[in-house]
Amino acid sequence: MDKFLIKGGKALRGSVPVSGAKNSALPVMAAALLTADKVVVRNVPKVRDLVTMSKLLAFMDAKVSAGTVPASDYEIQAPRLNHAEAPYELVKTMRASILTLGPLMARVGVARVSLPGGCAIGARPVDLHLKALEQMGAEIATSHGYIDAKVHRNGSRGRRLKGAHIVFEKITVTGTENILMAAALAEGETVLENAAREPEVTDLILMLRKMGAEICGDGTSTLRIRGVKELHGTEHTVIPDRIEAGTFLVAGAMTDGDLTITNCQPKHLGAVIAKLQQAGVQIEISDATTVRARGAKKLAAADVTTEEYPGFATDMQAQYMALATQAEGTSVITETIFENRYLHASEMVRMGANISVNGREAIVRGPAQLSGTTVQASDLRASAGLVLAGLVATGETLIDRVYHIDRGYEGIVEKLRGVGAQIERVHSPGS
Ligand code: EPZ
């Protein structure tokens with residue numbers, strides 16, 4: 001398994017481009033299953049999760065070709081779906097495979113999808129996805145680790161889902177995305193209340209609308225979808241990755257550097273930018289796609305609570321914890337979305353951070369001088385937090401199991417080296 005070797009202490013300076021958003025490309029690519037026409041998806045980040053999604057679509061008989069020039073374009077075409085199944089072998093490596101359930105139910109009225117297990121950060125059930133599909137007329141059984149879903153033939157409607165009034169008990173991002181895709185081809189209107197408002201959901205809505213879907217309520221918690229008989233192909237450029245952008249903003253701030261993040265959308269980073277400014281980071285939004293972070297000589301502690309968008313993103317919590325270890329004072333971090341998203345804390349403590357975790361709360365006292373050592377990555381965003389800690393630690397930090405970070409950060413080693421970080425990937429075959 002590859003490792004990252006980081007020699008800390010360098011201030012990051014220069015400009016770094018952001019790639020397309022993994023969490024937008026995933027539902028957007030799954031949405032290609034909704035039509036027999038060709039769909040072109042642009043600005044897809046070269047990260048492992050999207051390779052997995054491509055394999056999954058191909059497994060279902062879709063034709064998938066990854067662009068060569070530019071490498072970030074994918075062409076997908078599913079003229080027929082004879083294999084409406086997402087097998088365990090693929091789903092176990094990527095929970096977001098659940099995003100094929102909605103499109104399969106909409107397009108062919110039947111689906112067999114391996115239940116995505118939990119992951120390091122929590123149990124991550126999909127019960128709300130299933131309940132909503134049942135309200136739309138799906139019959140769902142879960143056994144032997146699989147979801148078997150089908151819509152009974154119903155006269156002229158055939159195996160077609162029907163619109164429903166759905167109120168999500170909890171805000172769920174992929175749950176909202178699954179139902180958006182299911183409802184796009186359902187008979188009648190679907191009203192979805194307590195829907196997620198993440199920019200990635202809005203990006204999917206824009207793409208579905210270009211395919212002929214009738215959806216309104218973008219960016220609000222109530223979405224209305226009027227089902228149509230069929231959808232046609234389109235081309236869609238995925239939005240920039242706001243979490244990658246936020247991660248680099250923290251990197252510039254923590255290393256007392258001066259980092260300009262390009263090809264991003266600062267408007268998607270409102271809560272993160274406000275929190276960094278509260279901590280004393282100088283942030284300058286130069287235009288709609290560029291934001292600059294200059295570190296403060298002294299960072300100030302500031303409490304943060306993770307919330308659904310437009311609140312402070314849970315996917316930025318580990319990165320913020322790394323910054324809080326360097327801030328003057330006590331920062332109270334409250335993680336409200338996932339029940340076990342502090343695995344990075346113990347590794348940062350091994351580097352010398354002063355963090356105590358108590359349930360959903362982590363108390364970070366700073367500033368603490370971090371020192372390099374060997375640490376283990378446990379999940380995608382925890383890995384990012386450990387990279388940030390390594391950038392400011394004295395000596396060398398060796399991060400193991402970086403396959404986690406390769407799932408969601410395109411070329412992170414090259415991008416960080418490009419702005420002065422001393423970081424290299426250490427290949428260790430096998431082990
Ligand atoms: C999406 O996961 C993202 N993944 C996650 O990003 C992100 O952390 C999360 O949203 C929250 O913003 C993708 O978009 C591919 P949820 P998702 O359903 O949709 C509970 C990353 O780092 N819940 O919004 O799986 C759930 O347990 C990843 O890129 C149910 O109880 O998250 C959690 O506590 C990590 N039942 C809360 O809701 C359900 O049926 C929010 O989960 C669904 C969710």
Side-chain angles (χ1 to χ4, degrees), residues 19-31 44-45 47-50 52-53 56 91 93-102 113 115-135 140 142 147 166-181 192 194-204 221 238-239 241-247 268 271-272 305-319 335-341 343-344 360 377-385 404-410:
S19 302
K22 156 180 96 79
N23 289 350
S24 179
L26 287 167
V28 160
M29 285 178 68
V44 176
V47 296
R48 209 150 54 83
D49 274 6
L50 276 308
T52 307
M53 180 57 85
L56 185 55
V91 176
T93 64
M94 187 187 66
R95 304 186 64 269
S97 307
I98 192 70
L99 284 164
T100 56
L101 179 61
V113 175
L115 269 169
C119 73
I121 64 177
R124 303 190 70 184
V126 291
D127 56 315
L128 302 180
H129 301 231
L130 304 184
K131 273 185 212 149
L133 285 169
E134 284 173 334
Q135 274 189 259
I140 295 180
T142 50
I147 300 163
I166 297 160
V167 182
F168 273 137
E169 288 163 44
K170 279 177 130 176
I171 294 173
T172 160
V173 173
T174 49
T176 301
E177 292 162 345
N178 249 333
I179 299 311
L180 271 168
M181 294 187 278
L192 183 51
N194 204 22
R197 299 160 58 189
E198 271 66 6
E200 294 77 25
V201 173
T202 303
D203 201 27
L204 174 64
S221 52
V238 161
I239 55 172
D241 192 315
R242 61 192 166 101
I243 304 301
E244 182 189 12
T247 304
H268 292 157
V272 171
T305 297
T306 64
E307 287 164 340
E308 294 87 357
Y309 193 87
F312 189 95
T314 174
D315 290 352
M316 279 298 301
Q317 180 256 102
Q319 299 91 312
E335 170 59 57
T336 68
I337 309 292
F338 292 110
E339 66 268 26
N340 189 35
R341 200 168 200 175
L343 293 172
H344 41 281
R360 295 280 183 138
S378 53
D379 57 86
L380 170 54
R381 306 303 173 185
S383 324
H404 287 294
I405 207 164
D406 289 335
R407 295 189 47 192
Y409 285 89
E410 180 183 58

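Atoms within a ligand are numbered from 1 in the order they appear, just like the ligands themselves. Since the model is a prediction, treat every value here as computed from it, not as a measurement.
Distance from atom 39 (C) of ligand 1 to its nearest protein heavy atom, with residue and atom name: Pro125 O, 3.1 Å. Asn23 CG, 3.4 Å is the protein heavy atom nearest to atom 14 (O) of ligand 1. Nearest protein neighbour of atom 32 (O) of ligand 1, counting heavy atoms only, is Phe338 CZ, 4.0 Å. Nearest protein neighbour of atom 18 (O) of ligand 1, counting heavy atoms only, is Thr172 OG1, 2.7 Å. The nearest protein atom to atom 2 (O) of ligand 1, hydrogens excluded, is given as Arg124 NH2, 3.2 Å; this is a heavy-atom distance. Protein heavy atom nearest atom 8 (O) of ligand 1, with residue, atom name and distance: Asp315 OD1, 2.6 Å. Shortest contact from atom 34 (O) of ligand 1 to any protein heavy atom: Ile337 O, 2.6 Å. Taking atom 36 (N) of ligand 1 as the reference point, the nearest protein heavy-atom neighbour is Asp127 OD1, 2.8 Å.
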- Task: Output, in order, the C-alpha distance, side-chain angles, deciding distance and verdict of side chain to side chain contact (heavy atoms under 4.5 Å, CB included) for Glu198 and Arg242.
- Result: CA-CA 10 Å; Glu198 271 66 6; Arg242 61 192 166 101; 3.2 Å; yes
- Message: Checking Met94 against Arg407 for the side chain to side chain contact (heavy atoms under 4.5 Å, CB included) test, could you report, in this order, the C-alpha distance in whole Å, the side-chain angles of both residues, the deciding distance, and whether it holds?
- Response: CA-CA 9 Å; Met94 187 187 66; Arg407 295 189 47 192; 4.1 Å; yes
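For ligand 1, the atoms lying closer than 4.0 Å to a non-hydrogen atom of Lys170 are 20 (C), 31 (O), 34 (O). Residue Thr314 approaches ligand 1 through these ligand atoms, each under 4.0 Å from one of its heavy atoms: 8 (O), 11 (C), 12 (O). Short contacts between ligand 1 and Val126, defined as distances under 4.0 Å to a heavy atom of the residue, involve ligand atoms 39 (C), 40 (O). Numbered from 1 in the order shown, with element, the atoms of ligand 1 that lie under 4.0 Å from a heavy atom of Arg95 read 25 (O).
Both the backbone and the side chain of Thr174 come within 4.0 Å of ligand 1, judged by heavy-atom distances. At a 4.0 Å heavy-atom cut-off, ligand 1 touches Leu128 through backbone and side chain alike. Of the heavy atoms in Ile171, only backbone atoms (N, CA, C, O) come closer than 4.0 Å to ligand 1. Counting heavy atoms closer than 4.0 Å to ligand 1, residue Arg381 contributes side-chain atoms (C-beta onward) but none from N, CA, C or O. With a heavy-atom cut-off of 4.0 Å, Arg341 touches ligand 1 through its side chain alone. Residue Glu308 does not touch ligand 1, judged by heavy-atom distances below 4.0 Å. The proximity of His129 to ligand 1, defined as any non-hydrogen pair under 4.0 Å, involves the side chain as well as the backbone.
A donor-acceptor contact shorter than 3.5 Å links the side chain of Arg360 to the backbone of Glu335. A side-chain donor-acceptor contact under 3.5 Å links Gln319 to the backbone of Asp315. Remark: the backbone N or O of Ile147 is not paired with any side-chain donor or acceptor of Thr142 at under 3.5 angstrom. Side-chain atoms of Glu339 come within 3.5 Å of backbone N or O of Ala123 as a donor-acceptor pair. Between the side chain of Asn194 and the main chain of Ser221, no donor-acceptor pair closer than 3.5 Å is present.
Interatomic distance, CG of Asp127 versus CD1 of Ile140, reported as 11.0 Å (0.5 Å rounding). Taken to the nearest 0.5 Å, the NE2 atom of His268 stands 5.0 Å off from the OH atom of Tyr309.
Residue contacts with ligand 1 include Lys22, since one of its heavy atoms falls under 4.0 Å from the ligand. Using a 4.0 angstrom heavy-atom cutoff, Arg407 does not count as in contact with ligand 1. Residue contacts with ligand 1: Leu99 is excluded, as none of its non-hydrogen atoms falls under 4.0 Å.
Between Leu26, Leu380, Val173, Val201, it is Val173 that holds the heavy atom closest to atom 1 (C) of ligand 1.
Across all their heavy atoms, Ser97 and Leu56 have their closest contact at CB-CD2, 3.5 Å. For the residue pair Arg124 and Phe338, the shortest heavy atom distance occurs at NE-CE2, 3.5 Å. Closest approach of Ala25 and Pro45 over heavy atoms only: CB-CD, 4.1 Å.
The shortest distance between side-chain heavy atoms of Leu204 and Met181 falls below 4.5 Å.
Shown are Asn178, Ile166, Leu128, Ile179; of these, the side chain to side chain contact (heavy atoms under 4.5 Å, CB included) with Leu133 is made only by Ile179.
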